[in-house]
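Notes follow once the structure below has been shown.
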Amino acid sequence: MLRTLLLPASLLVAVLAAAQQEQPPAQPTPAQPPASATAQTNPVKPTPEGLAHAKKVWGYDCALCHGDKGDGKGDVAASMNLTLKDYTKPDSLKDMTDGQIFDIIKNGKGQMPPETGRAKPDDIWNLVTLIRNMSKKTD
Ligand code: HEC
């Protein structure tokens with residue numbers, strides 16, 4: 001009789017002790033905010049197929065504003081009085097991470113419509129590569 005009463009009691013004590021030991025030690029405050037999606041670097045390796053597809057999407061959905069070559073001089077940009085960055089200049093995106101560029105293409109920003117629903121994540125990463133390549137001299 002005494003044993004059946006004691007057993008659950010000692011079990012409870014053991015569980016409580018274990019729970020206390022599992023408390024994580026106090027963490028020092030991190031100097032940097034936790035890595036977020038916008039800190040991500042492009043996880044998709046460029047392939048000729050991927051870039052060809054990105055070029056097609058660019059022609060349909062982006063060039064009207066950003067211009068065929070990415071110089072920011074598309075017809076719609078002109079008619080909307082938008083001042084866009086010139087991606088053919090190496091400096092234009094130097095302060096943006098791949099993740100930030102991905103995010104803007106995916107979700108849109110200000111006057112720019114989101115590409116979600118039309119493009120898969122891999123397609124968007126290929127667009128990031130395409131845009132980054134626009135400032136590289138190929139000829
Ligand atoms: C209606 C015109 C329009 C279309 C279409 C458009 N954009 Fe934009 N885009 C903008 C504007 C305006 C901004 C600046 C947004 C801001 O900072 O408020 C922008 C910003 C960006 C940026 C962030 C860097 C920067 O220039 O500030 C990227 C990258 C970008 N666009 C890529 C694309 C891609 C890729 C597409 C096609 C899938 C696309 N855009 C389609 C108008 C457009």
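For ligands, and for the atoms within them, numbers begin at 1 and follow the listed sequence.
A heavy-atom distance below 4.5 Å is found between the side chains of Y87 and K85. Looking at heavy atoms from C-beta onward, R118 lies out of side-chain contact with D123 at the 4.5 angstrom threshold.
In K109, the parts holding a heavy atom less than 4.0 Å from any atom of ligand 1 are both the side chain and the backbone. Neither the backbone nor the side chain of V57 has any atom closer than 4.0 Å to an atom of ligand 1 (non-hydrogen atoms only). Residue-level proximity to ligand 1 for V128 is absent, since no heavy atom of it falls below 4.0 angstrom.
Scanning the protein for heavy atoms near atom 5 (C) of ligand 1, the closest one is D61 O, 3.1 Å. When hydrogens are left out, the protein atom nearest atom 29 (C) of ligand 1 is I101 CG2, 3.5 Å; that is the closest non-hydrogen contact. Among all protein heavy atoms, the one lying closest to atom 38 (C) of ligand 1 is C62 SG, 2.6 Å. Looking from atom 20 (C) of ligand 1 to the surrounding protein, the closest heavy atom is M112 SD, 3.6 Å.
Scanning both residues, M134 and D68, for their nearest heavy atoms gives CE-O, 4.4 Å. Scanning all heavy atoms of the two residues, the minimum distance from T97 to R132 falls at C-NH2, 3.5 Å.
Ligand 1 has no N or O atom lying under 3.5 Å from any N or O atom of E115, backbone or side chain.
Residue C65: no N/O/S atom is found under 2.8 Å from atom 8 (Fe) of ligand 1.
Heavy atoms of M96 come nearer than 4.0 angstrom to ligand 1 in at least one pair. By the 4.0 Å heavy-atom criterion, L93 is counted among the residues contacting ligand 1.
Among L82, I104, L130, the residue whose heavy atom sits closest to atom 23 (C) of ligand 1 is I104.
The CD1 atom of I105 sits 12.0 Å away from the CD atom of Q100 when rounded to the nearest 0.5 Å. Here the CG-CD distance, from L127 to E115, works out to 6.5 Å after rounding to the nearest 0.5 Å.
Checked options D98, I101, L51; the residue passing with T129 is L51 (criterion: side-chain contact (heavy atoms from CB on, under 4.5 Å)).
Atom CG of N107 has more than 12 neighbouring heavy atoms from other residues, nucleotides or ligands inside a 6.0 Å radius.
In the vicinity of I131, heavy-atom distances shorter than 4.0 Å reach the ligand 1 atoms 29 (C), 32 (C), 35 (C).
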